[in-house]
Amino acid sequence: MVASDSGERGPPDLVTMALAGSMHIDRPGGIALLPVRPPYHLYRTLGCGQAFRWRIDAAGATGVFRGKPVRLSQTSDGIACEGLADGGALRHLRNYLGLDEPLEAIERVLRRDSVLGRVLPTTSGLALLHQEPWECLISFIISAFNNIPKIELSLHRLGRQFGEQVDEGVWTFPSPEQLAGASLRDLRRCALGYRGPYVRETSRRVACGDVNLQAVGRAEYPAARRLLQTLPGVGEKVADCVLLFAYGKGEAFPVDVWVKRAVERWYFGSRRKTERQIREFAQERFGSLAGYAQQHLFHSIRRRRQGE
DNA sequence: ATTCAGGTGCGAG
DNA sequence: CTCGCACCTGAA
């Protein structure tokens with residue numbers, strides 16, 4: 001297997017190299033600039049279904065980061081960030097966005113796979129985020145047997161009901177304590193359906209320290225996965241999403257209906273496989289880059305279906 | 001009105 | 001342990 005580097009870009013220019021050494025550059029008007037290396041693609045990264053609370057429009061992406069409303073946009077110079085003042089927060093944002101993920105090298109390796117080689121031209125530049133585990137966990141509990149607009153609706157209502165308002169129409173994501181103290185009746189208002197009790201029970205188990213989300217991060221992938229799966233509403237797929245999108249466990253390969261369909265069609269001649277077979281196949285084939293492979297496959301088959 | 005949607009928990013074999 | 005099934009609810 002030889003990498004076909006036809007789509008690869010040339011070495012970064014001097015400006016890019018110089019900028020990459022610094023965390024950010026202050027611009028007039030309280031706008032900070034975070035340098036990025038190609039092929040990083042902000043809107044693919046925020047819009048590919050890892051996180052649900054970013055709103056993307058022609059002007060850029062808006063959302064809440066560590067309790068502050070922020071607006072992000074990508075230019076040829078990097079990521080412009082409006083709303084965060086101090087360098088510490090910007091460093092955290094840099095980490096959150098995955099700006100230092102070695103995407104060029106990752107995609108060079110993935111491109112050796114003929115399927116991904118075909119897919120990458122339309123998915124290149126998406127990075128795995130490093131989300132806050134708590135919000136990510138609740139988001140994917142809600143995602144089960146649900147659709148994206150309604151997941152977004154539920155998360156928005158949870159913020160409005162139980163979080164704190166930081167701007168017009170913008171709320172923080174509620175803490176474990178805030179959700180643990182919620183009534184099922186109030187949770188039901190958030191259109192959670194039968195997931196309401198899962199959300200509250202999981203919140204209780206986290207709030208009381210029964211499950212330590214920091215300890216999950218310190219554990220190896222298999223143990224961390226088992227730990228998360230002790231929570232109600234958290235099965236294999238949800239656990240893998242949290243491990244991948246929040247904890248940076250790159251070997252996680254969440255198998256949802258889309259990825260299952262993609263792998264069956266593109267790797268197994270459309271023969272039916274179980275979710276476990278698909279996950280084990282992917283982990284064997286892609287190793288620590290399984291999560292990246294999953295994102296590209298997911299993104300590709302979804303836009304294909306939607307005719308984007 | 002009917003159908004669909006980024007799984008999970010359950011009981012049965 | 002694997003398999004099949006029911007499931008809240010908003011939007012198309």
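Remember, it's a predicted structure, so these values are computed and weren't measured experimentally. Protein chains get the first letters and strands the later ones, always in sequence-line order, with residue 1 at the start of each.
Distance A:Gln277 CD to C:dC3 P: 9 Å, rounded to the nearest Å. Atom CG in A:Leu153 sits about 18 Å away from atom P in B:dA5, given to the nearest Å. In this structure, NE2 of A:His156 is placed 15 Å from C1' of C:dG10, rounded to the nearest angstrom. In this structure, A:Lys273 atom NZ and C:dT2 atom P are separated by 15 Å, rounded to whole Å. Note: CZ (A:Phe253) to P (B:dG6) measures 17 Å, nearest angstrom. As a whole-Å value, the separation of A:Lys150 NZ from B:dT3 P is 18 Å. As a whole-Å value, the separation of A:Arg272 CZ from C:dT2 P is 17 Å. Following rounding to the nearest Å, A:Glu236 (CD) and C:dC1 (P) show an atom-to-atom distance of 12 Å.
Residue contacts shown for A:Gly49 include a base, since a base heavy atom lies under 4.0 Å away. Using a 4.0 Å heavy-atom distance criterion, A:Ile151 is classed as making no nucleic acid contact. If you check every strand for non-hydrogen atoms under 4.0 Å, A:Arg188 touches sugar and phosphate atoms only. Nucleic acid contact class of A:Val259 (heavy atoms, under 4.0 Å, all strands): none. A:Leu231 comes within 4.0 angstrom of the backbone, heavy atoms only, and of no base. A:Pro232 comes within 4.0 angstrom of the backbone, heavy atoms only, and of no base.
A salt bridge between A:Asp77 and A:Arg27 is present, with a side-chain N of the basic residue lying under 4.0 Å from a carboxylate O of the acidic one. With respect to A:Arg279 and A:Glu275, no salt bridge is recorded, no charged nitrogen being found less than 4.0 Å from a carboxylate O.
A stacking contact links A:Phe145 to C:dC7: the aromatic ring centre lies within less than 5.5 Å of the base's six-membered ring centre, and the planes differ by less than 30°.
At B:dG6, none of the side-chain N or O atoms of A:Arg261 fall inside 4.0 Å of OP1 or OP2 (strictly under the cut-off). When the side-chain nitrogen and oxygen atoms of A:Arg276 are compared with OP1 and OP2 of C:dT2, one or more of them lie within a distance under 4.0 Å.
Considering every non-hydrogen atom in both A:Lys237 and A:Pro254, the closest pair reads O-CB, 4.1 Å. Of all the heavy atoms in A:Leu84 and A:Ala89, the pair that sits closest is CD1-O, 4.0 Å. Nearest heavy-atom pair, A:Arg205 versus A:Pro232, reported as atom, atom and distance to 0.1 Å: NH1-CD, 4.2 Å.
Spacing of P atoms, C:dC8 relative to B:dG11, comes out at 15 Å, to the nearest Å. Look at the P atom in both C:dC3 and B:dG6: the space between them is 24 Å, to the nearest Å.
If you check B:dG9, B:dG7, B:dG6 against the side chain of A:Tyr198, the one that comes closest is B:dG9. Of the candidates C:dT9, B:dT8, C:dG10, B:dT8 carries the atom nearest the A:Ala144 side chain, counting heavy atoms from C-beta on. Out of B:dG6, B:dT8, B:dA5, the shortest distance to the side chain of A:Phe245 is found at B:dG6.
Without hydrogens or angle criteria, A:Asp186 side chain to A:Ala182 main chain gives no donor-acceptor distance under 3.5 Å. In this structure, the side chain of A:Glu101 does not engage the main chain of A:Ala127 through any donor-acceptor pair within 3.5 Å. Checking side-chain atoms of A:Tyr292 against main-chain N and O of A:Leu128 turns up a donor-acceptor pair under 3.5 Å.
One donor-acceptor pair, N or O on each side, does fall under 3.5 Å between the base of B:dG7 and the side chain of A:Tyr194.
The six-membered or imidazole ring of A:Phe52 lies near that of A:Phe140, with a centre-to-centre distance under 6.0 Å.
Nearest-nucleotide mapping onto DNA chain B: of A:Asn146 and A:Glu275, the residue sitting toward the 5' end is A:Asn146.
For DNA chain C, each stem of at least three Watson-Crick or G-U pairs (distances under 3.5 Å) is given as range with range: B:2-5 with C:9-12, B:7-13 with C:1-7.
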